[in-house]
Amino acid sequence: MANHVHGQPRYTRRLMLRPFRRRDVGTLHEAITASVHELQPWLPWIDGYDKGFAQRFIRESVGSWSEQRAYDFTIRPLHDLERHIGNVSIWPTSHQNRTGEVGYWIRSEETGHGYGTEAAAVAIGIGFNELELHKVVLRIAVGNVASEKMAQKLGFTFEGILRDEVKVGSQWLDHTSWSILDTEWAARPTDLWIDDAHA
Ligand SMILES: CC(C)(COP(=O)(O)OP(=O)(O)OC[C@H]1O[C@@H](n2cnc3c(N)ncnc32)[C@H](O)[C@@H]1OP(=O)(O)O)[C@@H](O)C(=O)NCCC(=O)NCCS
């Protein structure tokens, strides 16, 4: 399995994705603050969120990238590169089995335009083409219909239910587990895809 993911920006028709920089704290914090109510039901780290979390996240993200543990991207629209509209991450979970996982969120005012699918496709493409993964997994809290829809649009296959998988606030949430294989990704119908990233 390869480990290297270059840090140059990636572009789609509407978006730019790049690694976080320390000066992104303000735009990240602003986007999370504007999205708290929609992120809260699904993401464990929102509980007790404050700006210090954003600072620690970026510090950890820069370290994880250089140590080749995880690759987090800030998602920005091409028409306003100063605006952070979400995160997408890809990280290896088993080198021996060449498996990895993808995760994402989109700023609330920007949902429903296909940005989540467009950005996740870049991260998954990096997983297969650069990290040489065999399988990418996606875990989604039961009831998170928008994310399930995204999984379907991206070509993932439903695998089953993981009981009490993640504690969000005071509640343990069951999650559905989804996956896509390298062969399936390579065979995906190209007309489903908005644009592949070009570096
Ligand atoms: C899930 C999330 C990333 C989707 O982002 P997005 O940019 O809106 O995603 P897309 O527009 O690419 O696709 C969303 C799809 O879900 C559909 N959808 C959204 N809410 C829905 C609902 N309540 N019921 C049915 N479908 C819904 C949209 O119509 C769209 O499908 P379409 O393209 O066929 O119209 C975003 O809602 C989000 O950040 N949610 C909170 C955090 C989160 O859940 N992260 C993922 C954890 S696994």
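Side chains included, hydrogens not; waters and symmetry mates left out as well; all remaining heavy atoms used. Whatever order the structure lists ligands and atoms in, that order sets their numbers, starting from 1. In what follows, residues are counted from 1 in the order of the sequence shown.
- Between F53 and W45, the angle of the ring planes stays under 30°, which puts this pair in the parallel group of the 30/60° scheme.
- F20 has its ring centre no less than 6.0 Å from the ring centre of F73.
- Residue pairs that meet the salt bridge (charged side-chain N to carboxylate O under 4.0 Å, His left out) test with at least one member in residues 62-81, sequence neighbours left out, are D24-R76, E60-R69, E67-R69.
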Do any side-chain atoms of residues 157-172 form donor-acceptor pairs under 3.5 angstrom with protein atoms, and if so which ones, sequence neighbours left out?
unit_1: E159; atom_1: OE2; unit_2: K135; atom_2: NZ; d: 3.1
unit_1: E159; atom_1: OE2; unit_2: S179; atom_2: OG; d: 2.7
unit_1: E165; atom_1: OE2; unit_2: R139; atom_2: NH1; d: 2.7

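- Residues T93 and E101 bring no donor and acceptor atom of their side chains to less than 3.5 Å of each other.
- Note on residues 27-39: pairs passing salt bridge (charged side-chain N to carboxylate O under 4.0 Å, His left out), not counting sequence neighbours, are E30-R107.
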Can you give me a line-by-line list of nitrogen or oxygen pairs between ligand 1 and the protein shorter than 3.5 Å?
unit_1: ligand 1; atom_1: 7 (O); unit_2: G116; atom_2: N; d: 2.9
unit_1: ligand 1; atom_1: 8 (O); unit_2: G112; atom_2: N; d: 2.7
unit_1: ligand 1; atom_1: 11 (O); unit_2: G114; atom_2: N; d: 2.8
unit_1: ligand 1; atom_1: 12 (O); unit_2: T117; atom_2: N; d: 3.1
unit_1: ligand 1; atom_1: 12 (O); unit_2: T117; atom_2: OG1; d: 2.5
unit_1: ligand 1; atom_1: 12 (O); unit_2: K153; atom_2: NZ; d: 3.3
unit_1: ligand 1; atom_1: 13 (O); unit_2: K153; atom_2: NZ; d: 3.0
unit_1: ligand 1; atom_1: 31 (O); unit_2: K149; atom_2: NZ; d: 3.4
unit_1: ligand 1; atom_1: 33 (O); unit_2: K153; atom_2: NZ; d: 2.7
unit_1: ligand 1; atom_1: 34 (O); unit_2: K149; atom_2: NZ; d: 2.5
unit_1: ligand 1; atom_1: 39 (O); unit_2: I106; atom_2: N; d: 2.8
unit_1: ligand 1; atom_1: 39 (O); unit_2: I106; atom_2: O; d: 3.4
unit_1: ligand 1; atom_1: 44 (O); unit_2: N144; atom_2: ND2; d: 2.7
unit_1: ligand 1; atom_1: 45 (N); unit_2: Y104; atom_2: O; d: 2.9

